[in-house]
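Below is one structure, written out as structure tokens; comments come after it.
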Amino acid sequence: MATVDVVLPVYNEAHVLERSVRTLHLFLTENLNHEWRIVIADNGSRDGTFAIAQRLADELKDVAAVHIPEAGRGRALTGAWLGSEAEVLSYMDIDLSTDLEAFPRLIAAVASGGYDIAAGTRLGPGTETTRAVTREILSRGFVLLINLPFRTSLRDTQCGFKAIRRECARKLLPFVKDTGWFWDTELLLLAAKSGWRVTFIPVRWVEDPDSRVRVVSTVWRDLKGLWRMYRFDWSKTRKDG
């Protein structure tokens, strides 16, 4: 049995935070056979999100709330993971778009399956996805844009559903420069190119109509992030280094 932190990065999510946390708390209580904790990582919210997070932390067992003053999903995750003593560090998006049924398998892949990182995938065999066709095409195109030049076999870098061994996180996160949406891609590329074991867990996923992702600006930032990583010295992050 491992110790597991489940981080929920949130920014102005007062409208959905309590419902999602209570849903997740009940699911973990009934389905995860590990010692776990939910960490609500607020990053610069201005709508009362952190006040709700603090109340939930006071009311519910194994729930904690942390506040990161500056906005940035990647910034919140890096801070929460590096500040954790749990053996397995994980996160999911607060909208719970990814079916929780896959979460125990995600954790098992890292806790006992021999992998350093496990990530949910909405692409490929065993997945069920409900989202706009344009988003589906962009996701597949982005994965191709990563795998061809970097010679990797990543399946889905942007699904907000990941777990990592603490040792791996502490080795790689200091090299992750992005603080927003490219954070996931950067982390997986660093791991895959540096000899860490990465696996992908097929998930059921339903697009959130209230998604905060702005497709055009996000794609542009992703392209700039990939260009930056073309010049990265992978030897710095090697598992055996």
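If you read the sequence from its start, that first residue is 1, and numbering goes on from there. On a predicted model such as this, the values are computed, not experimentally measured, just so you know.
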Leu223 and Leu188: same hydrophobic cluster, using ILVMFWY side-chain contacts below 4.5 Å?
yes
For the backbone of [Y] and the side chain of [X], can you confirm whether one donor and one acceptor N or O come within less than 3.5 Å of each other?
X: Thr49; Y: Glu13; answer: yes
X: Trp81; Y: Ser90; answer: yes
X: Thr199; Y: Ala118; answer: no
X: Thr127; Y: Val203; answer: no
X: Asn43; Y: Gly72; answer: yes

What are the two closest non-hydrogen atoms of [X] and [Y], and how far apart are they?
X: Ser84; Y: Ala86; answer: OG-N, 3.0 Å
X: Phe50; Y: Ala65; answer: CE1-CB, 4.0 Å
X: Arg170; Y: Glu85; answer: NH2-OE2, 3.2 Å
X: Arg22; Y: Arg55; answer: NH2-NH1, 4.4 Å
X: Val7; Y: Pro9; answer: O-CD, 3.5 Å

Can you tell whether the side chains of Lys193 and Glu186 come within less than 4.0 Å, N to carboxylate O?
no
Between Arg37 and Asp5, does any NZ, NE, NH1 or NH2 come within less than 4.0 Å of an OD or OE carboxylate oxygen?
yes
To the nearest 0.5 angstrom, please state how far the [atom1] atom of [X] sits from the [atom2] atom of [Y].
X: Thr23; Y: Glu18; atom1: OG1; atom2: CD; result: 10.0 Å
X: Lys239; Y: Ser194; atom1: NZ; atom2: OG; result: 11.5 Å
X: Leu77; Y: Leu89; atom1: CG; atom2: CG; result: 10.5 Å

Connected to Leu144, directly or through other members, by ILVMFWY side-chain contacts below 4.5 Å are Leu148
Take the angle between the ring planes of Trp36 and His25 and call it parallel below 30°, perpendicular above 60°, tilted in between.
perpendicular
Check ring-ring contact (aromatic ring centres under 6.0 Å, His included) between Phe175 and all other residues, then give those that pass, not counting sequence neighbours.
none
Residues, nucleotides or ligands: over 12 heavy atoms within 6.0 Å of Asn33 CG
no
Atom CD of Glu35 with >12 non-hydrogen neighbours under 6.0 angstrom:
no
Side-chain contact test, heavy atoms from C-beta onward, threshold under 4.5 Å: evaluate it for [X] versus [Y] and give yes or no.
X: Val88; Y: His34; result: no
X: Phe232; Y: Leu190; result: yes
X: Ser20; Y: Leu8; result: no
X: Met229; Y: Thr185; result: no

Stepwise side chain to side chain contact (heavy atoms under 4.5 Å, CB included) check, Lys224 with Phe182
CA-CA 10 Å; Lys224 290 195 293 184; Phe182 186 69; over 6 Å; no
